**Q** 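Supplied in structure tokens, the structure appears directly below.
No experiment lies behind these values; they were computed from the predicted model shown.
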Amino acid sequence: MNGKEFLNSKWIDEAKKPDAKINVQQKFNQWSNRVKNTGILNKAKELWSYIISGQVSGTEKVEVLAALLYIISPIDLIPDFIPVAGWLDDMGVAAFALSLIMNKISNIDLNAPIAGTNETVPVSDSPVKDFQYKNGLSYEIEDLKDVAYELDATEWIAYAEDIEEKLDSSFFSVMFVGRYSSGKSTLINAFLGKKLLPVSAIATRRPITYIMMGSEEKLYSESRQGEITIHENVSELLDKENKCLEEANRISLFLPSKFLSDQLCFIDTPGLEDPNQDFSNMTLQAAPTADALVMVIHIGYTQSAADWAFLKDMLRDDRDRKVFVVLNHADTINNEQINNVIETISKSLNDLNIPKTRIFALSAKNACERIFAGETPDRRFNDFKTALLGFLNKSRKFERERIIRQQVNVLSNKLKDTCATYVDLQEKTLAEKKSILEQLANKRKQAEKLIDNEERKIERKVLELENRFLSNFESFCNDLRREVQRHVDRATLDQLRADYGLSNNIKIKIREFIEKHLRDIHAELGDFTYGCISKLHNELQKTNFPIEIERDESVIIKNPDLIIVGGLFIAWPILGIMSFAALAAGALFGRSYIESMIKNILEKQGKEKARRAILAQLDEQLTSFKKDFTIHIHEHFNQLRNDCIAKIKSSMLENIGTAYTVAHKDIADVDMIAQKARKLLPRFEKQYKY
Ligand SMILES: Nc1nc2c(ncn2[C@@H]2O[C@H](COP(=O)(O)OP(=O)(O)OP(=O)(O)O)[C@@H](O)[C@H]2O)c(=O)[nH]1
Ligand SMILES: [Mg+2]
């Protein structure tokens, strides 16, 4: 589809409908959580922010909405009946459609006031990004990036961008759900140590509220039309008559609370069975995206059908979903009764894969009273808090946060050192400056050669691994073909007719193969990269690079297990590849498809002809699957290579950064940057410490 075709496509018609914007808005979050392609994601976010910027003209609005509808739509079709190759093409077309429009709007000032409010959103590059993802860490990185720009430290700008990329969309969300008036908001208030969320004996008329870490207290709401309002004071939340909040689509509350930590998002939801079904529906829609659920149930009312239906629904597709069950209002019954309720309920919960260790009886109200009065809360609340926080600390996303935090600290320290280096240099005589810069430049050249060497090694290794994988895959496909042939040969006509296992078996086998082989390859490459990094450290130490080479073990990841969750492999889209494989296998060997094919053939032909026809079909399917898959795998290995090389570069940068950055500047640069550096230095005194 080219630009002209796009402008005449059904998407434009769709975008002209009055509910187009709401339609996009409703799907956008879900889509952005699932989409793997960050390029498209960022473009889509920019487009969305353009829509809500209020500066969009009528026709442009239609075009932008059409592009958004276009790229968001495929997700509705996943997983079973997508023609895979077609879908991938669509992603290409979407990028094209987007660039078409992006060219038009690149000059728009996203900082201008938003329609319907007097406020501007404090944007960096995109209000949506700001609204959804900005938190303590990203503000900090943004700040440090500014410093890096001032110092003209290209390497550190790239390093900061790298961290930013890792940070995006990596919130860990804990969603509090349950019937209205079960005490969800009271419980969250107890965690926050402050009465921030409205509590009331009747159902609260509020949409989903996201609570995140921010540099200061801030309250935003987003209307159903996508307009963002910044509220003057977070205490507006408590105003039960506030229409703007009541009618909002979502509320975001930012707090400088240590407890929330950088990547944690607590989510308060409207109650299930809320008298206003629209509110309950918001919860039902958002719940599947939460990383962990806290199910709050009134201890005196544990048999709510809505609660149980909800839990079953949540756990049907994902048996391992983390659910904590809080039996609240425990102050209203005695200890013996509490134990009885726990006994009764734990059996049913156990059937749903929720162990007794994740069931807690407590009184959120008592906890609040004590905490607000500056007292320590009782054991029941503390047990729950310890369990929830313990779980969060162990979770993988927090492992990632820890690594990101470490990198932010490195960035901050290095920039501070760089400032100091410039300031020192400026105080030297001209001759001294000249000689120091020359020396540094030489060393940098040496270092670059060494790094280059290791990069080549990685390239060779990745190529070797890719070839090995592809040749294993080829023999796997041949084995699979033989196996299917044996199966078809042996089966009677009736058996073939009744055969529902074949396509599923093929799917499972493909998945298992990919999973096992890619994991092995990732582990091997992880070890190899670690080897390269260690070698570089040793070599660089020998060249005596004049700035301290701290051998910071924490940036080197040794254990392949850790690599999968740690810094290096975080971005590796193994899951993307696997879901692609499942998708492809699903589309090619999907039950309905292969079974109806067999049925059709069998009805018309005798056994021998049917056998041949089935195999011919299978061959055709396998060949096209292999073709698609090889392209995907090649992309994956490209990504692996880039990630490993980036890891080597950043590890080196972390160790020799200061000198490295200064090394290629000339004297005029040094003097100019040094002046800025002198001004920047005090910033490090007060900032970047949590
Ligand atoms: N006795 C007692 N009352 C509680 C407890 N927790 C909450 N409440 C009361 O129960 C009522 C509902 O509490 P909320 O925190 O607003 O409940 P919610 O689940 O957020 O309700 P919605 O937002 O309307 O879905 C309020 O009157 C609270 O004071 C508790 O542990 N014990
Ligand atoms: Mg509430």
**Q** Residues two or more places apart in sequence or in another chain: which of them pass side-chain hydrogen bond (donor to acceptor under 3.5 Å, both in side chains) with Asn249?
**A** none
**Q** With the side chain counted from C-beta on, respond yes when Pro270 and Ile208 share a heavy-atom pair under 4.5 Å apart, and no when they do not.
**A** yes
**Q** Under the 3.5 angstrom rule, does the side chain of Thr386 hit a backbone N or O of Asn382 as a donor-acceptor pair?
**A** yes
**Q** With sequence neighbours left out, write down each residue that passes ring pair (Phe, Tyr, Trp, His ring centres under 6.0 Å) with Phe381, or none if nothing qualifies.
**A** Phe191
**Q** With sequence neighbours excluded, tell me which residues meet side-chain hydrogen bond (donor to acceptor under 3.5 Å, both in side chains) with Lys16.
**A** none
**Q** Going by ring pair (Phe, Tyr, Trp, His ring centres under 6.0 Å), name the residues that satisfy it together with Phe310, two or more places apart in sequence or in a different chain.
**A** none
**Q** Does the side chain of Phe384 come within less than 4.5 Å of Val325's, by heavy atoms?
**A** no
**Q** Please enumerate all residues that pass salt bridge (Lys or Arg N to Asp or Glu O under 4.0 Å) together with Asp146, with sequence neighbours excluded.
**A** none
**Q** If you look at every heavy atom in Leu272 and Ala306, which pair is closest and at what distance?
**A** CD1-O, 4.3 Å
**Q** Applying salt bridge (Lys or Arg N to Asp or Glu O under 4.0 Å) as the test, list every pair that has at least one member in residues 188-214; sequence neighbours left out.
**A** Lys194-Glu217, Arg205-Glu246
**Q** Can you tell me if Arg179 uses its side chain to pair, donor with acceptor, with the backbone of Gly271 under 3.5 Å?
**A** no
**Q** Is it the case that Ser182 and Asn328 place a side-chain donor and acceptor less than 3.5 Å from each other?
**A** no
**Q** May I ask you to test the Leu311-Asp307 pair for a side-chain heavy-atom distance under 4.5 Å?
**A** no
**Q** Could I get the full list of ring pair (Phe, Tyr, Trp, His ring centres under 6.0 Å) partners for Phe324, not counting sequence neighbours?
**A** Phe391
**Q** Going by atom types alone, do His298 and Ser181 pair a side-chain donor with an acceptor below 3.5 Å?
**A** no
**Q** Who are the side-chain hydrogen bond (donor to acceptor under 3.5 Å, both in side chains) partners of Ser304, not counting sequence neighbours?
**A** Glu273
**Q** Taking only residues two or more places apart in sequence, or in another chain, which ones meet Thr302 in a side-chain contact (heavy atoms from CB on, under 4.5 Å)?
**A** Ile297, Leu327, Val341, Ile345
**Q** In chain order, what residues pass the side-chain hydrogen bond (donor to acceptor under 3.5 Å, both in side chains) check against Asp378, with sequence neighbours excluded?
**A** none
**Q** More than 12 heavy atoms of other residues, nucleotides or ligands under 6.0 Å from CD of Glu375: yes or no?
**A** yes
**Q** What residues, two or more places apart in sequence or in another chain, satisfy side-chain contact (heavy atoms from CB on, under 4.5 Å) together with Ala203?
**A** Tyr180, Asp274, Pro275
**Q** Please tabulate, for the side chains in residues 362-369, all donor-acceptor contacts under 3.5 angstrom to protein atoms that are two or more places apart in sequence or on a different chain.
**A**
residue : atom : partner : partner atom : Å
Ser363  : OG   : Asp331  : OD1          : 2.9
Ser363  : OG   : Asn366  : N            : 3.0

**Q** Answer yes or no: is there a side-chain heavy-atom contact under 4.5 Å between Met212 and Ser252?
**A** yes
**Q** So Val326 and Phe176, do their side chains get closer than 4.5 Å, heavy atoms only?
**A** no
**Q** Side chains of Arg250 and Met282: closer than 4.5 Å at any heavy-atom pair?
**A** no
**Q** Does some side-chain heavy atom of Leu245 sit less than 4.5 Å from a side-chain heavy atom of His231?
**A** yes
**Q** Less than 4.5 Å apart, any side-chain heavy atom of Leu219 and any of Asn233?
**A** no
**Q** Donor-acceptor check, side chain of Lys184 to backbone of Gly178, threshold 3.5 angstrom: yes or no?
**A** yes
